[in-house]
Amino acid sequence: MGRNDSSTEALLENLTEPQRAAVTHAEGPLLVLAGPGSGKTRVITRRAAYLAKTVASAHQILAITFTNKAAREMGERIESLDVGAGMTVATFHAFCARLLRIHHDRAGIARNFTILDRDDRRKVVKEAIELCDLSPTNYPPARMEQRIGQAKNDMQGPVAYAESAFGPNDETVSRIYTAYEELLTEYQSLDFDDLLMRVADLLQKDEELRTQLEAKYRFILIDEYQDTNRAQYLIAHLLARDHHNICATGDPDQSIYAWRGADIRNILSFETDHPNAKVVRLEQNYRSTGHILAAADGLIAENIGRKEKALWTENEDGAPVRILECESGTDEARLIAEDIVAQQSAGLGLDEIAVFYRVNALSRALEEALRAAGIRYQIARGVEFYGRKEIKDVLAYLRLMVNPADRVSLLRVINTPARGIGATTVRRMIAHAESSGERLFDVVTDERDLSFLGRSASKVRAFGAAMRDIAPAMEMSPRPALEHVIDHSGLRAMYNKASVGDEDPAANLNELISAAADHQSRFPDATIVDWLEQTALLSDVDALREGEGAVTLMTLHAAKGLEFPVVYMVGLEEGLLPFFRSDEERPDSGHIEEERRLCFVGMTRAMKKLTMSSARYRMLRGQTKRTVRSPFLVSLPDHCVERDSQCAVGAHSGPGPIEGKLPHDIEEWGIGTLVRHPTNGLGQVLHLGKISGRPKADVKFENGHRGVYMLEFAELQRVDFDEVGD
DNA sequence: AATATTCCCGTTTTT
DNA sequence: CGGGAATATT
């Protein structure tokens, strides 16, 4: 079409040949295999703008990102390229939620359905387990939740699941799944996985709607395609079934969500799915120094069966990757804090620094050390904020207001603040609702017929009155609605006096109000339902703020897609990174490869300086244990690393007990533990297991010998690193 | 019915 | 270690 020539030209400036090819590819499927730091975001942004200026209009483009933060940033960047408004940029979940609200009648759900958060989902799963007359002790809700989630990610509803169930265990899960779905229907609630599954299902069954949407979204761009699950894959393909204008970007080496149903084959088989697909490889890295890239590349090269990519950079080598060995987790945190102070006095801003860890539990030591050193920091944990009691209380009132069927919220707030409505009263009301076939909410708020409650009737009436006081908020925009509810529910009064300890619930409520105000200023037309939806779909990184003058702490998973000049990765230890649980999980190569990719993702976030640290003794869930360094550190090519041991010599060299436990206690052995045998010499534990209840170890020795030993009889000595003399 | 206390459990990562 | 649930106490 060639309209607007000069600005279209501008979109192609400063692009390499492959980048330009990706931006200008018009109709037909396109796969962009983009290594870390290869300018992928720039390509997607420019491509979206380019399409909007040449062959489509903005509202015909659908761009799917992995986080809301990415969606917001991409939306802003595209807008700044002056292509007109109306482009849809969202996460899969947000897109699906919006679609389901608009087409709720077609999908067979209530318009104001509740989106269950993690806690609420667990509650309902637990309720389902109890409904099946099973005990949550024998059937841990967390496990059941995972099974149900897996089924949903795989597009298996309860009926399909029941059909494929094999064995008594599956059948029990199937019963729980069925009960869970019934509860969700009753509560007019959907969980995260439902959002995707329902939309995929709808698109499969409702050809009219599918056609209509495909016609609307003439171009579809999906980022982080390597992390899509079956439901997401289906949605993408159903929306592009006839026009095939699907552009997938991603990197198989950065696939880190297999545990939640992501299927790396989605990206690997893109070319078979779309035989005429154009494939563009972005292999030049603009982000990291040569040493950082070489180290990361050396690590990922150990994964087998991958699509090899030749990562390269023109950037200078820079400083070697620093491999820091510390004595303990607290030392590690302190050394990092000291190092940050040093960086700071060398002129670096705190905004430019990030610390990554595999598990959230590792953030505490870091927080303490940073606080002690007077370093400002922020943690990527938006979800945690919305999990606080006072926040959940307010949101529950709002959710109940818009969706009276939401019994989870009702039960949460009926006695919050305390109204003297106890378990007995609630039980009686539930029984009453069941026998009369009424909805619990209607029983509770029914002014006339509460006589069966006796003395408690007046208390329940007080709750009904509160709900009626709140009702006008339904018509307000988010901020005033929120303020109205906080004031009229009694929560404001309750939390104003409850400011004990270092928690400050009242302040958190105010923060929530400003979050609502913020949302409202960005989306002036947003309703309270929109805002609730947005809060339910928030991710940890969404809460990060730029220009705060603070170091950023986050999990490795949260770090995906980000970059920082200076990065520290902590806890490079066997069992932590790569993570595995001590009991189960046989060494599964798929798992370790995903852990390796996770490590790769973390390393490739770093632009200038990367430090990877481990602690010889790590305290986790209250116990200090001797650790073994991560095999990932061993994979890093020598020429690009610098090894630095900050362990106090002899600090733990004696045979003395550590925190009341003998260091040679077999309880402390993990996979990877070094051992010495009188004839075979030095070896490493490959597996741990039991023979008739007695612990055994499968050991591989330096001399090539391999054998299984009973730990209590074998002459195996545990070896600490200082004894090996590395 | 509400609060205080103990104990027991898990134990990655998250839209 | 820390949260949640069961138990004890008022």
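The structure displayed is predicted, hence computed values, not measured ones. Order of the sequence lines sets the chain letters (A, B, ...), proteins ahead of strands, with each chain counted from 1.
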From the candidates dA2(B), dA1(B), dT14(B), the one with an atom nearest any side-chain atom of R118(A) is dT14(B)
Where the side chain of H557(A) is defined as all heavy atoms beyond and including C-beta, which of dA1(B), dT13(B), dC1(C) is the nearest nucleotide?
dT13(B)
Heavy atoms within less than 4.0 Å of DNA chain B: which residues of residues 191-199 of chain A have one? Give them sorted by number.
F192(A)
If we ignore hydrogens and angles and just use 3.5 Å, is the side chain of S255(A) paired with the main-chain N or O of P252(A) as donor and acceptor?
no
In whole angstrom, give me the gap between the P atoms of dG4(C) and dT13(B).
15 Å
Of dA2(B), dT12(B), dT14(B), the nucleotide closest to the side chain of V359(A) is dT12(B)
Pairwise N/O distances under 3.5 Å, protein to nucleotides 3-8 of chain C:
none

Could you work out which one of dT12(B), dT15(B), dT14(B) sits closest to the side chain of W259(A)?
dT14(B)
Using a cut-off of under 3.5 Å, enumerate the N/O to N/O pairs linking the protein to nucleotides 4-10 of chain B.
none

Nearest non-hydrogen partners of D194(A) and L190(A), listed with the distance
OD2-CA, 3.6 Å
Once you apply a heavy-atom cut-off of 4.0 Å, does T67(A) come out as touching a base, just sugar-phosphate, or nothing?
nothing
Indicate, with a heavy-atom threshold strictly under 4.0 Å, whether Y257(A) touches base, sugar-phosphate, or nothing.
sugar-phosphate
Closest listed nucleotide, where the reference is the side chain of H93(A) and the choices are dA1(B), dT12(B), dT15(B):
dT15(B)
